[in-house]
Every structure is written in C-alpha cells, then in structure tokens.
2 protein chains.
Amino acid sequence: MDASILTIHPASPEPIYRQIVDQLRRLIAAGQLAVGERLPSVRDVAGFHAINPMTVSRAYGLAESEGLLERQRGKGMVVASGPTGSQSARERMQLLEPHLKETARQAQELELPADTVLRRLKHLLGN
Amino acid sequence: MDASILTIHPASPEPIYRQIVDQLRRLIAAGQLAVGERLPSVRDVAGFHAINPMTVSRAYGLAESEGLLERQRGKGMVVASGPTGSQSARERMQLLEPHLKETARQAQELELPADTVLRRLKHLLGN
DNA sequence: CCAAGTGTATTGTTGTATTGATACACATGG
DNA sequence: CCATGTGTATCAATACAACAATACACTTGG
C-alpha cells in the first residue's frame, strides 16, 4: 500500500495524528480502504511525509482502539472487519454532520445568503 | 454591549482566545458589530463564560493588532473604522472559503453524493 | 476629586499536547 | 537462523493554553 493515500499538512494547527485518524475514519467508512487491506507502514508514511514514525504509530494505535484497524503482529495494520467497513450513505453523512453544523454557524455569522454558500460548495464538490 | 454576543465552548479543543478572534472577524465583517460599537468588557465576558479575564484580553489584543478593534484607553474596545467594517459579500465569502474547501475534501473522502451534502447544508442554513 | 470602570503587563503555576530519539519484542521470508 | 520488516513502549524536550493574583495607567461620572 502506497504511503501517498494519506494527505498530511505538517504545518497545520490540527495535530498530525488527528489528521491521520480522521482521514482513516472517512476512507474506511467509504470503502476506499477495503476491509483486510494493508496500510502503509509507519516508517513509509513517516518517510514520505517527513514526520516522526511515532506520530504515525500513535495515530494507528488510536485507530485500532477505535476499531478501525487491526494489528497483525510483525506484519502491520489492516483495515478491521468490524462493524465499520463500508457504511451506508446515512452513516457516512453523520461523520460530516459536525463539520456542516460549523459551516452553517460561520455562514450565519457572516450573514451570507444561503444561495451563495450552496453554489460555491457545489462548485467545489464538482471535481 | 452584552457579553452574550460571543459564543464560547471552553471545553473545545479549539483555543478559547482563537474562538473569540475568529468570531469577531466574522461578526465585524458582516456588520453585526457596527463600526464604533463598544465591545463587552473583558471582565464581563470572562464572568459570563466563566473563563479567565486575561484570556479575553489576549483575544482583544490580537484582534486589535489585526485591525479589527481599536483601544480607547480607560473606556474599552470598539470596532475599528479601518478597512474592515462591513465588507462586501464577496469579501465575506473569502472568510468562509477555507472551511468550504475542507468540507469538500471530507465529502469526497466519504464518497458522499454532492446532492446529499448540499441538501443537508441547505437545511442547516435555513434557520 | 475620587470611586468605579476600562484594558494590560507581570509573574508564576498547572495541565496538557505534540513531537522526537532510542531501544525493544515480534513475525516473516529467504 | 537471521536479516529485515512490523508496531510500540519509554523517556525527554518543548511548546502551548489557561488560570491566578496582582499592580498599574487611564477615563468617566457623580
């Protein structure tokens, strides 16, 4: 598995380990990471993105305790077969809900017309 | 000015002082806080939200160095008359742009249909 | 004038978060 | 068997955020 599946911004105020966990949660929920699929090793990810291996390990550990990943000793991490794999659109939507709530809050503080916001987001989604 | 204009979540991982500054930036850009209007005193805000006055002072100080607020010695902080007051919809939109970009990224990782996301956001905006 | 209200500088403390360097235990494959 | 590849436990070093308790300079209203 290629280390490039993960997008990381080391300079972001968002902690690196949380960027990784959040991303894994979404990619696994959508099935972009299939059940049983092997993840890139901590050293691969760390080398590719020029970050510390322990930071990746911490993210993997959290993802495991959350039931997203399973550890295969000596081999690596694989996507867990638990209650997680490839969820329905409804379940995936709930992962986006908090972020959307915050979007709405900021839009209202900015007094932006709903049309304007929706049109812009539609454009961004059309990639 | 009432201390309740500011919404603060002390338990959020987002630092309190940044919650305040970000919020001020939006409220001022929209004109919900009019140019020249007085802000609630640091002690009022701190008392109302049960946080430390110096945390509020720090936020006000940052907002001032950003040109959002002006300090009137002995009186308090007022909304600056600078290049900031009540911006156009286009300018306000740019304050939301980074957040919308992130929304689009997460939606794509979740493989959510654009329609679903847009419909949900439209509902959240219709308050 | 002076009490009461502004913001702020200062110093110290506490708790936590984040990252880093190193060494270790384990499993695999030739 | 052993080099190589896993993940990770451990300890350390910072940095950050918030709080606490003062003291200070300033303005206003009675």
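Letters A, B, ... are given to chains in the order of the sequence lines, protein chains preceding strands, and every chain is numbered from 1. The structure displayed is predicted, hence computed values, not measured ones.
A continuous path of ILVMFWY side-chain contacts below 4.5 Å connects A:Leu39 to A:Ile8, so both sit in one hydrophobic cluster. A:Ile5 and A:Val21 sit in two unconnected hydrophobic clusters of ILVMFWY residues. Membership requires side-chain heavy atoms under 4.5 Å apart, directly or through other members.
Side-chain atoms of A:Val45 and A:Tyr60, non-hydrogen and from C-beta on, do get closer than 4.5 Å to each other. Annotation: side chain of A:Leu68 is not in contact with side chain of A:Glu64 (no heavy-atom distance under 4.5 Å).
Rounding to the nearest 0.5 Å places CG of B:Leu95 at 9.5 Å from CG of B:Asp22. Separating the NE2 atom in B:His123 from the CG atom in B:Leu125 is a distance of 10.5 Å, to the nearest 0.5 Å. One finds the CZ atom of A:Arg25 at 11.0 Å from the CG atom of A:Leu69 (value rounded to the nearest 0.5 Å).
Residues B:Gln106 and B:Glu102 have side chains that bring a donor and an acceptor to within less than 3.5 angstrom of each other.
Among the atoms of the strands shown, base atoms are found under 4.0 Å from some heavy atom of A:Ser57. Residue-level contact check: B:Arg58 touches the backbone only, with heavy atoms under 4.0 Å from sugar-phosphate atoms and none from bases. Within 4.0 Å (heavy atoms only), B:Met77 reaches sugar-phosphate atoms of the nucleic acid but no base atom.
Nucleotides of DNA chain D with any atom under 4.0 Å from a heavy atom of chain B span, from 5' to 3', D:dA17 to D:dT28. Protein chain A touches strand DNA chain C; the 5'-most and 3'-most nucleotides with an atom under 4.0 angstrom of its non-hydrogen atoms are C:dT18 to C:dT28.
A salt bridge links A:Glu97 with B:Arg120; the closest basic N to acidic carboxylate O contact falls under 4.0 Å. Here A:Arg26 does not pair with B:Glu111 in a salt bridge; the nearest charged N to carboxylate O distance is not below 4.0 Å.
Nearest-nucleotide mapping onto DNA chain C: of A:Pro13 and B:Val56, the residue sitting toward the 5' end is B:Val56. In terms of position on DNA chain C, the residue among A:Gln72 and A:Asn52 whose nearest nucleotide sits closer to the 5' end is A:Asn52. Mapping B:Glu14 and A:Val42 onto DNA chain D by nearest heavy atom places A:Val42 at the nucleotide closer to the 5' end.
Rounded to 10°, the angle separating the first-five-pair axis and the last-five-pair axis of the helix from C:dC1-D:dG30 to C:dG30-D:dC1 equals 10°.
Formation of a donor-acceptor pair under 3.5 Å by the A:Thr55 side chain with backbone atoms of A:Ile51 is not found in this model.
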